[in-house]
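Everything on this sheet refers to the single structure shown next.
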Protein chains: 2
Amino acid sequence: MILSGELSSGEQLSEEALADRCGVSRTPVRDALRRLEAELLVRKNDSQRSLVADWSLGDVADAFELRAMIEGYAARRAAERMDDATLDQLRSCNSAIYEAIKRARPDVQGFLDHNKRFHELILDAADSRRLTSLLGSLIEQPVVWRTAQHYGREAFNRSHSEHEDLLAAFARRDGPWAEAIMAGHIRRAFHAYADAHHGLSAIDRGAA
Amino acid sequence: MILSGELSSGEQLSEEALADRCGVSRTPVRDALRRLEAELLVRKNDSQRSLVADWSLGDVADAFELRAMIEGYAARRAAERMDDATLDQLRSCNSAIYEAIKRARPDVQGFLDHNKRFHELILDAADSRRLTSLLGSLIEQPVVWRTAQHYGREAFNRSHSEHEDLLAAFARRDGPWAEAIMAGHIRRAFHAYADAHHGLSAIDRGAA
DNA sequence: CTTGTAGCAATTGTATACAATAGAGATTGG
DNA sequence: CCAATCTCTATTGTATACAATTGCTACAAG
């Protein structure tokens, strides 16, 4: 929604103000707030007023650790259920990732799109509604995705090559291996995020 | 809510019918349906109509595996952050569990209440909003809780003694150990559930 | 007899009006 | 001057009316 970056942490969200801003009534705004609450992007203070949730670095670390475990489980299930057609899709998806990052000036948006699709394909292959639901709420972290803007070449390359390792595990239908690789993949993505985040914080401090 | 057992799987949920039944208007009913959707207790069919979600044994197994991982992580964090006051609370909580199950005719409701509190204390000690949110949606499985009605004595005793093991891990602030014990604890709870469930299914088939 | 289309009924999505509630500020008693 | 309470305002919770969409059924044409 519009609040993916436009609103600052802790800011009050009046239902009526948002409704005016979006040109709709309060009813659909309330619906949207309920969903965002479920995803912890919005929280309520003691008196039931909605606020933009504030995410500390520790909170993000926590979310990534959970994502590592859960998406690792997804990879395990996916490996056990993998069919050749899906495997082909994953391969071409990772090729597209390579195309996006191989040039001197990487196509960051292209990387993000194909990367998202890569992980979604795995999630679909795992074939678990519960997983899909849980991960959905963990993956929607606009802050994190924007951080990819600051990835270095080695971070892009690492991501691509770890996907290749994952494909090898899928090809062997090796669930435990796929789980281990995926969990490590996510945890390293967090480290890249944390580095970039601290870098950003430094920049922000410098600019202020 | 009222639909925790009163409505059968796959049944259509008309917003207006539920509103009449509860004596309120459609607006709060819609709110409730959104929440239950987020917890996968309700889903929507292709034409946006709400249905009671149907849970196969495989789906439940899946949810338990996720819960094992996530609650294991919660136990690890809790162990790393444990303070003596919380540890005392956990000890007395597990004693209360023992009191409830030691007699010839176990107090099932008492067991469930204290067991719930035991796990909630650990979740609080883990001090992670994300964890609390994710587990909340995994733990609300009315079907599962009712199955405890069919637990045998050994299942109750096992549960209590595994809690004791967990307390030992907490006392040592041993995160990895606590995680392993908790994960195993949850997985064994599923096996007890699956056995009871199959038993129930057999009974149902016999009665029909 | 089958198939396509039009219209009807039922249900969900949205808007608006009203009720309840919590917080801030003023006012009065000590 | 401080504190307690009361009132007023801002915001959320709820109800109801209306619009839009979907699925079904009946009817007609091939």
Side-chain angles (χ1 to χ4, degrees), chain A residues 1-56 59 120 124 129-130 132-137 139-142, chain B residues 1-56 59 124 129-130 132-134 136-137 139-142:
Chain A
M1 306 273 172
I2 302 183
L3 81 118
S4 304
E6 288 190 25
L7 302 170
S8 51
S9 276
E11 187 166 337
Q12 287 258 357
L13 295 173
S14 157
E15 293 178 357
E16 196 171 347
L18 286 174
D20 288 349
R21 185 166 176 171
C22 302
V24 294
S25 85
R26 274 180 51 215
T27 311
V29 170
R30 284 174 64 81
D31 271 24
L33 286 176
R34 291 296 121 81
R35 278 181 241 261
L36 293 170
E37 249 178 275
E39 296 177 5
L40 297 191
L41 289 172
V42 164
R43 69 183 179 88
K44 288 190 167 184
N45 65 11
D46 297 333
S47 56
Q48 296 293 93
R49 276 157 182 65
S50 296
L51 309 174
V52 179
D54 44 326
W55 282 71
S56 71
D59 291 332
E120 281 173 352
D124 286 346
R129 283 172 298 173
R130 188 54 76 169
T132 307
S133 162
L134 286 182
L135 269 178
S137 72
I139 286 181
E140 294 299 335
Q141 299 175 62
Chain B
M1 306 270 173
I2 303 182
L3 80 117
S4 306
E6 289 190 23
L7 302 169
S8 50
S9 277
E11 186 165 338
Q12 287 258 358
L13 294 173
S14 157
E15 294 178 356
E16 196 172 346
L18 287 174
D20 288 349
R21 184 167 176 172
C22 301
V24 294
S25 84
R26 273 179 52 214
T27 311
V29 170
R30 284 175 63 81
D31 271 25
L33 285 177
R34 292 295 122 82
R35 277 182 241 261
L36 293 170
E37 250 177 274
E39 296 177 5
L40 296 192
L41 288 172
V42 164
R43 68 182 179 89
K44 288 190 166 184
N45 65 11
D46 297 332
S47 55
Q48 297 294 92
R49 274 153 184 67
S50 296
L51 309 173
V52 179
D54 45 326
W55 282 70
S56 70
D59 292 331
D124 286 345
R129 283 173 298 173
R130 187 56 75 168
T132 307
S133 162
L134 286 182
S137 73
I139 287 180
E140 293 300 335
Q141 299 174 65

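Numbered from 1 within each chain, the chains take letters A, B, ... in sequence-line order.
Distance check, rounded to the nearest 0.5 Å: CZ of R49(A) to CD of E15(A) gives 10.0 Å. Rounding to the nearest 0.5 Å gives a distance of 7.5 Å between CG of L134(B) and CG of L40(A). Distance CD/E37(B) to OG/S133(A): 10.0 Å, rounded to 0.5 Å.
For S25(B) (side chain) and T27(B) (main-chain N/O), a donor-acceptor pair under 3.5 Å exists by modelled atom type.
Distances shorter than 4.0 Å separate none of the side-chain N or O atoms of R26(A) from OP1 or OP2 on dA15(C). OP1 or OP2 of dG13(D) sits under 4.0 Å from a side-chain N or O of K44(A). In this structure, Q48(B) does not reach the dT11(C) phosphate: none of its side-chain N or O atoms is under 4.0 Å from OP1 or OP2. Contact check, R34(A) against dG13(D): a side-chain N or O comes under 4.0 Å of OP1 or OP2. Dashed line: the shortest gap from a side-chain N or O of S25(B) to OP1 or OP2 of dA15(D) is under 4.0 Å.
Summary of the strand contacts: G23(A) and S47(A) both lie near DNA chain C, and taking for each the nucleotide with the nearest heavy atom, the more 5' one is attributed to G23(A).
In this structure, the CG atom of D31(A) is 15 Å from the C1' atom of dT12(D), given to the nearest Å. Spacing between atom CZ of R35(A) and atom P of dG13(C) amounts to 9 Å, rounded to whole angstrom units. As rounded to whole Å, 13 Å separates atom P of dA15(D) from atom CD of E16(B). In this structure, E15(B) atom CD and dT14(C) atom P are separated by 11 Å, rounded to whole Å. Between R49(A) atom CZ and dA10(D) atom P the separation is 11 Å, expressed in whole Å. Atom P of nucleotide dT11(D) and atom CG of D46(A) are separated by 17 Å, given to the nearest angstrom. For the pair L51(A) CG and dT11(D) P, the computed distance is 13 Å after rounding to whole Å. Protein atom CG of D20(A) is 11 Å distant from nucleotide atom P of dT11(D), rounded to whole Å.
The side chain of R30(A) approaches dT12(D) more closely than any other nucleotide in the set dG13(C), dT12(D), dG23(C).
Contact annotation: the side chain of R43(A) approaches that of D54(A) to within less than 4.5 Å [non-hydrogen atoms, C-beta and beyond].
At a threshold of 4.0 angstrom between heavy atoms, the contacts of T27(B) include nucleobase atoms, whether or not backbone atoms are also involved.
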